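The shown structure was predicted, so the numbers you read here are calculated from the model rather than taken from an experiment.
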Amino acid sequence: MDETAQIGRGQSATGSGGTVARLVNATKTFGTGDAAVTALDNATIDFRRGEFTAVMGPSGSGKSTLMYCQSGLDQLSSGQAFIGDVDVSTLSDQELSIMRRSTLGFIFQSFHLVPALNARENITLPVDLDSNAEVDADFLDELATVLGIEHRLENLPSQLSGGQRQRVAVARAMVPRPDVIFADEPTGALDSKTSGELLAYLRTAVDDLGQTIVMVTHDAVAASHCDRVVYVQDGRLVDEAQHPTVDDVLNKILELS
Ligand code: ADP
Ligand code: MG
């Protein structure tokens, strides 16, 4: 079986050396001529299994572009993006969408829930769309309890608070047991208390379930929950650190801006 087929079947995407996702000389340019913007500039990075990584940098530095190109939501202008050992540019649209539903999980600032579906239906949607997969109901119940949304599963998103909606989005990302979750400013729309609870939950998912998470953020407190922080400036990866404190991150941001 070739690697493409394996990813399509939602099997483990661990590549050589425990690397779950990898960019090699990744460049992304938007627009042409005078209007061209290099959002990602020759970035090379590995994201390792079981690690909680923060991608930090000022607004407009290329964090979201890095995440979108890494996860196959957008295409690089040059260089390569791998999930496991699979170059995402070699996948068809259908293979990409299967990979995004089964091998990857996503959490966005704006939740991206389907308004007409209740919380439970939103959580199971990626698995329900995959004819070869079944929802692990026990795991869903366990997650809902840990996340404190076990009594809200029959509610529509409009009947939930922002924090509850984001917990639904976290459960939706986790239920397919993806190899890696990509989160883009997941705490961006939350107050500091709710945001702290969500980060603590993501930390637990990494520690207890071995979930790999790559989180784009510009929040130093959010980054301080991570095992590793990588810094982006003008589309380039300029530095990284292990187990950063809030002060470490704040100092680095001041230096970069
Ligand atoms: P960040 O997430 O760090 O705020 P982005 O990755 O969204 O940064 O953007 C990086 C740069 O690329 C910015 O200059 C932004 O304006 C530009 N950019 C992002 N997406 C597009 C797009 N679809 N079209 C044109 N320019 C874009
Ligand atoms: Mg962004």
Side-chain angles (χ1 to χ4, degrees), residues 3 6-7 10-28 39-57 61-76 79-91 96 99-108 170 173-174 176-187 199 201-219 222-233 235-244 249 252:
E3 289 156 344
Q6 286 190 22
I7 288 278
Q11 294 183 359
S12 170
T14 305
S16 346
T19 295
V20 178
R22 182 159 61 103
L23 290 173
V24 182
N25 303 127
T27 295
K28 174 70 177 180
L40 196 58
D41 189 359
N42 201 28
T44 295
I45 188 167
D46 283 359
F47 296 105
R48 293 176 288 264
R49 176 164 296 278
E51 209 166 46
F52 190 3
T53 305
V55 177
M56 290 233 33
S61 59
K63 304 181 296 297
S64 294
T65 303
L66 184 156
M67 185 196 116
Y68 280 51
C69 291
Q70 174 67 87
S71 60
L73 289 173
D74 203 351
Q75 285 184 347
L76 290 167
Q80 289 167 297
F82 293 90
I83 295 295
D85 283 330
V86 177
D87 180 335
V88 301
S89 71
T90 64
L91 300 177
L96 271 175
M99 178 186 81
R100 287 194 294 255
R101 288 200 301 264
S102 56
T103 308
L104 311 181
F106 292 94
I107 306 170
F108 298 99
V170 170
M174 291 197 63
R177 299 186 182 257
D179 284 298
V180 49
I181 289 179
F182 291 103
D184 192 358
E185 308 272 4
T187 60
L199 290 162
Y201 179 71
L202 295 177
R203 182 71 253 173
T204 306
V206 175
D207 293 340
D208 294 357
L209 301 172
Q211 180 64 60
T212 308
I213 302 179
V214 176
M215 175 177 69
V216 167
T217 181
H218 61 252
D219 175 2
S224 73
H225 286 73
C226 296
D227 300 307
R228 174 190 186 204
V229 56
V230 300
Y231 295 97
V232 184
Q233 185 183 35
R236 290 189 296 275
L237 290 164
V238 290
D239 203 357
E240 71 167 88
Q242 303 286 325
H243 303 289
V249 179
K252 190 70 200 179

Determine whether [X] and [Y] make a side-chain contact, defined as any pair of heavy atoms from C-beta on separated by less than 4.5 Å.
X    : Y    : answer
M174 : I181 : yes
R228 : F47  : yes
R177 : S102 : no
T187 : L199 : yes

Heavy-atom donor-acceptor pair, [X] side chain to [Y] backbone, under 3.5 Å:
X    : Y    : value
T19  : R48  : no
T27  : N42  : yes
R100 : G72  : yes
Q70  : F182 : no
K28  : Q75  : yes

Can you measure from [atom1] ([X]) to [atom2] ([Y]) and round to the nearest 0.5 angstrom?
X    : Y    : atom1 : atom2 : result
F106 : R101 : CZ    : CZ    : 12.0 Å
S61  : L40  : OG    : CG    : 10.0 Å
E185 : M215 : CD    : CE    : 9.0 Å
C226 : L202 : SG    : CG    : 8.5 Å
D74  : C69  : CG    : SG    : 4.5 Å
Y68  : D184 : OH    : CG    : 5.5 Å

Between [X] and [Y], what is the shortest heavy-atom contact and its length?
X    : Y    : answer
T217 : A222 : OG1-CB, 3.6 Å
P186 : I107 : CB-CG2, 3.9 Å
V229 : A223 : CG2-CB, 4.4 Å
Q80  : D87  : NE2-OD2, 3.1 Å
V249 : P244 : CG2-CB, 3.6 Å

Option passing side-chain contact (heavy atoms from CB on, under 4.5 Å) with [X] (candidates [options]):
X    : options            : value
V230 : V214, L66, V55     : V55
I83  : L91, L96, T103     : T103
F82  : V20, V88, V24, L23 : V24

Worked verdict on D227 versus R203 for salt bridge (Lys or Arg N to Asp or Glu O under 4.0 Å): CA-CA 9 Å; D227 300 307; R203 182 71 253 173; 3.0 Å; yes

Check ion pair R49-D179 (N to O, under 4.0 angstrom):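 Looking at R49 and D179, the cut-off is met.
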
